[in-house]
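Residue numbering restarts at 1 for every chain, and letters A, B, ... go by the order of the sequence lines. None of the values given here were measured: they were computed from a predicted structure.
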Amino acid sequence: MDYQFKDIEQKWQQFWAQNGTFKAEDKSAKPKYYVLDMFPYPSGAGLHVGHPLGYIASDIFARYKRLKGFNVLHPMGYDSFGLPAEQYAIQTGQHPAVTTEDNIATYRRQLDQIGFSFDWSREVRTSSPDYYKWTQWIFMQLFNSWYNKDANKAESIAKLVAHFEQEGSAGINAVCDEEILSFTAGEWNAMSNPKQQAELLKYRLTYLRESTVNWCPALGTVLANDEVKDGFSERGGYPVEQKKMMQWSMRITAYAERLLQGLDTIDWPEPLKEMQRNWIGKSTGASVKFPVPGSGSEVRGAAHATGNANHATYIEVFTTRVDTIFGVTFLVIAPEHELVATLTTPEQKADIDAYIAVTKKKSELDRMADAKTVSGAFTGSYVLNPLNGEKIQIWIADYVLAGYGTGAVMAVPSGDQRDYLFAKHFNLPIVPILDIQNIETEADPTKEGKYINSDFMNGLDYKAGTAAVIAKLESIGAGKAKINFRMRDAIFGRQRYWGEPVPVYFKEGLPHLIEENHLPLLLPEVDKYLPTESGEPPLGRAEDWSYKSETGGDSASYHYELSTMPGWAGSSWYWYRYMDAKNDKEFASREAIEYWKDVDLYIGGSEHATGHLLYSRFWNKFLKDLDLVVEDEPFKKLINQGMIQGRSSIIYRVVFDDNPNGYPPLLLSKNIYVDFRESVTSEGQPFLNDDLKNIIEQQYGKEIADNIPYSNSRVFIPTRIDVNIVENDILKTEKLGLHLPEFKDAIFVKENGKYYCGHEVEKMSKRYFNVVNPDDIVTRYGADTLRMYEMFLGPLEQSKPWNTNGIEGVFKFLRKFWRMFHNEAWEFSVSNAEPSKAELKSLHKIIRKVEEDVERFSFNTSVSSFMIAVNELTDLKCNNRAILQDMVIILSPYAPHICEELWTLLGNPAGTLSYAPFPKFISSYLIEDEFAYPISINGKMKMNLSISLSLDVKEIEAAVLASADVQKYLDGKAPKKVIVVKGRIVNMVV
RNA sequence: GCUCAGAUGGUGGAACUGGUAGACACGCAGGACUUAAAAUCCUGUUCCCGUAAACGGAGUGCGGGUUCGAUUCCCGCUCUGAGUACCA
């Protein structure tokens, strides 16, 4: 039979499903291997051809590992809470759960027909209550934990309370809010419960605080920083503004250092690690307190006095170049700095107020665009340099950000370019502090040379100077070495419906956890998915959304938290759920976690670099601290698959200004358009030239050619058309009218009888008509062809446009492979003869190549190698069972359906080849006696010469020089030098 | 601006540690089969010079360098893509 991919694929997909072929064992003598894909959000649009790219790669790897004798866990699920289903609910009233269910069904059907080897018995859905029960449970653990800096790990709040009861707040070194009380055990024990709870909230790893959030009025929700792009929401592109709000936050900053260190232990793409490093943004430096004269703090030793908004005693700055402190000539604080009002003198008040007013009006975008212009205002106040008592002006300027460091900087114009420009602009002094510094035209940030103008540091170098200045500052209590992080705590709440409810109720204005046996806290029904009239989140519409106390005869009811968890909650631990997906006692059993441990290979897009991948590492480290999981890092190896972009097809329409008779659209084939577009008149108006007229006349006759409206102002409108009616850039002209009726009677000006389209690479999207659906490819060529073609397209990690142009080649390859097992009459027929040396050589070449390629994720090159092997074996007329059987196993991770079928036809016992042993590479089959040495002269390859590989370097040289062909090139002269690399090359210098 | 990645035929790409640049595939051209088309098969296909072949020359974004030999290493530049942005 001919290659009937449709029947074969259906048959085997059914077989796998019915037999649970890919069900992973939770215990096995085999080594474990966990291959994970980033689970998709099931959107209404279904899968396009770009989505499966990573899944195909991971599936090939999973299947390969099975053949290599591993117990493979390869699961799939859905990140099914999210905005689109909710937006759809708002528009149509359809419950997001229903929409989600429908979308998942579509996804499942599409995934199934590509033939993935997922263990569907472990499917998870983040929106399902038996899943989000455990998301809520983990939230509760975070609420019940604080970060002990001394132990460098999270510990239970109970332990903290015990400490407070015994010893008060002394001896606690925690990552916590800035303003905490200090109290004795007695004071703590005397506090009311609400007071204690309020204090504890400052320590909890998830906590409430008023924070400035990215509020998106159009979406009615708060967005995370990574969901905002240039002041607009990533989804939908609506404007985003800053707003103060009580919000749940996650104390991820507690883990900043560990998140940074952990990067060195995992095998991730370097650019991705770099993004996380930048996001965490560690900088090492010092904080320095500059005393305000007259406040009393300028007296040495008194600089530890606390500052407050009404009475400024000092200004604290953070700097990475504390060694430049003698070059400080002014101080700049952010316009939002809390001391601005206090520091402003009456004479300067007008200036400062005006400046603040201008700053407030500027949006984030303006501020960015304005980066080059210098602006600022003098407060009228001064601070003293803590080391030499010099009086320094305090300015405000919007280049200093309130949210970073302390919102104040010490300006060193000799070393920092921004400070330099500022000093030049406002005529402030510039003092060089290093002997080799050149500051004539710009700042010089050098660390070379010896210090000058620097008191006790004079003559020291950078290293010694920095140490000396920190020691000095510490000794007088005016500063200390400090590490600063850019990363902020993560906001953990959305004012939305379709998310996990937060398992918290409020009593006397303070949050309390519900009892664990009440989990899951189910998402309530609401009449509309919009905020309430009073502006509360949609959960405010739910009837009876309140907690009823069961203890202590307290019959009161307390309302639950109204916001829901953000999109990243459910995805921050899901890989553990796959280990034990049905467990209703634990998020996953200890046993399962100890067996599967972590993800060995994780494949997904780099767009999650600072979102999902950072939060997941954070939660993992937290769970590790609680001894609930066993590994520090969740994803050992990570690969980013590239994005598949769309490739839009474009037709070129000529529009006539003056077209009274409704002349049909005139469409120019691409190269004619290009020529024609370039032949414009001097006024820039295109004109219809004779060449074009001739083409039209040839195709449509003189009458039509003569009747084209000849106005001078014609415009070209490039129009995108459905890529599915274009093949190899040639438009199927007869189909255009069906797709776009306006072109029903269009006149096509063709080249060589064909209409060629132009193309544009851009996002794959419905509005560009460039979406290619995997279903169509599967229907036309089959899943095996789709799988191999997606891999053949190019390196996995590279972004590339989808182009169906080459798919025929892959399809032909599979047919050719099928044909090797069949005779002229398409009957199955293989021989049992001993394989020839040449056949064995081809086979073992491909065994080695595929092993090497798969291990380094170079799937595109192994597809090429398969083609080479099949071409070679076909040339050898190979239909040898021993060879073909091994070929079937090697190819099966890529094209599983056809291989399963051939495996059965080869007479193997009924069942699957998924667990057959991968053929063993035997190097002796590749050993050659001779090698065709490339002979180069002065590095230019001239000819090949076959020489026995048993000869040594001297003998090779002799053999080469003895060759008559070589002598011809040498023209009788002896070469100056001969380089021989055994088994590689011979090069002669003449 | 900074950080990172990349640039190879008409196209997607290959060349893994410096050693025959362009594998494999698409497209294109020519041919076979066919009444014809589709399908299939065969041949050619980096560019330039040459009627053609032999042969010769150039060639991996640009300019230099190291080397017997550079797509690969080093320096400088251009362009493209991604991330980030007044981070003190």
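- In this structure, A:V989 reaches the sugar-phosphate backbone alone: every heavy-atom distance under 4.0 Å involves primed, P, OP1 or OP2 atoms, never a base.
- For A:Q798, a side-chain nitrogen or oxygen approaches OP1 or OP2 of B:G13 to under 4.0 Å.
- Looking at the side chain of A:M941, the nearest of the listed nucleotides B:A21, B:C24, B:C87 is B:A21.
- Closest to the side chain of A:K977, from the set B:A15, B:A88, B:C68, is B:C68.
- In this structure, A:K282 fails the cation-pi test against A:F485, since its NZ or CZ atom is not both closer than 6.0 Å to the six-membered ring centre and inside 45 degrees of the ring normal.
- Contact annotation for A:K849: base contact, defined as any heavy-atom pair under 4.0 Å involving a base atom.
- Atom NZ of A:K800 is separated from atom P of B:G81 by 18 Å (rounded to the nearest Å).
- Within the structure, a side-chain polar atom (N or O) of A:Y404 is placed less than 4.0 Å from OP1 or OP2 of B:A88.
- What separates CD1 of A:I280 from C1' of B:U84 is a distance of 15 Å, to the nearest Å.
- The distance from atom NZ of A:K273 to atom C1' of B:G83 is 17 Å, rounded to the nearest whole Å.
- Distance A:D853 CG to B:C24 C1': 12 Å, rounded to the nearest Å.
- Side-chain N/O atoms of A:K812 include none lying less than 4.0 angstrom from OP1 or OP2 on B:C41.
- Taking 4.0 angstrom as the limit, A:R486 places a side-chain polar atom (N or O) nearer than this to OP1 or OP2 of B:A85.
- Shown here, B:A5 forms a base pair with B:U80; the pair counts as Watson-Crick or G-U wobble because both key distances fall under 3.5 Å.
- Side-chain contact between A:T320 and A:T284: absent, with no pair of heavy atoms (C-beta onward) separated by less than 4.5 Å.
- Contact annotation: A:R647 does not reach the phosphate of B:G12 (side-chain N/O to OP1 or OP2, under 4.0 Å).
- The CZ atom of A:R819 sits 14 Å away from the P atom of B:A39 (whole-angstrom rounding).
- One P atom belongs to B:A25, the other to B:C42, and the distance between them is 11 Å to the nearest Å.
- Pairing for B:U72 is absent, with no Watson-Crick or G-U wobble pair whose two atom distances lie under 3.5 Å.
- With hydrogens and angles disregarded, a donor-acceptor distance shorter than 3.5 Å links the side chain of A:R321 to the backbone of A:P445.
- Judged purely by distance below 3.5 Å, without hydrogens or angles, the side chains of A:N724 and A:K735 never pair a donor atom with an acceptor atom.
- Residue contacts for A:N484: at a heavy-atom cut-off of 4.0 Å it reaches no nucleic acid atom on any strand shown.
- For A:F422 and A:Y399, the distance between ring centers is under 6.0 angstrom.
- Look at B:G18: it lacks any Watson-Crick or wobble partner with both distances under 3.5 angstrom.
- Which of B:U17, B:C24, B:G59 sits closest to the side chain of A:S864 comes down to B:C24.
- Donor-acceptor pairing under 3.5 Å, judged by distance alone, is present between the side chain of A:D398 and the base of B:C86.
- At a threshold of 4.0 angstrom between heavy atoms, the contacts of A:F792 include nucleobase atoms, whether or not backbone atoms are also involved.
- Syn is the glycosidic conformation of B:G9, whose angle stays within 90° of 0.
- Within 4.0 Å of A:K976, counting heavy atoms only, lies no atom of the nucleic acid at all.
- Judged by Watson-Crick or G-U wobble contacts below 3.5 Å, the nucleotide B:U46 has B:A58 as its partner.
- A:N987 contributes a side-chain N or O that forms a donor-acceptor pair with the base of B:C68 under 3.5 Å.
- Within the nucleic acid shown, A:I979 comes within 4.0 Å of at least one base atom, counting heavy atoms only.
- A:E270 comes within 4.0 angstrom of no nucleic acid atom, judged by non-hydrogen atoms across all strands.
- Proximity of A:N803 to the phosphate of B:C26: no side-chain N or O atom is located under 4.0 Å from OP1 or OP2.
- With a 3.5 Å ceiling on both atom-pair distances, the Watson-Crick or G-U wobble partner of B:U11 is B:A25.
- A:N944 comes within contact range of at least one nucleobase, with a heavy-atom separation under 4.0 Å.
- Side chain to side chain, A:T861 and A:S858 meet the donor-acceptor criterion of an N or O pair below 3.5 Å.
- Taking a pair to require two hydrogen-bonding distances under 3.5 Å in either a Watson-Crick or a G-U wobble arrangement, B:U34 remains unpaired.
- A sub-4.0 Å separation between OP1 or OP2 of B:A25 and a side-chain N or O of A:N871 is present.
- Heavy atoms of A:P801 sit nowhere under 4.0 angstrom from any nucleic acid atom.
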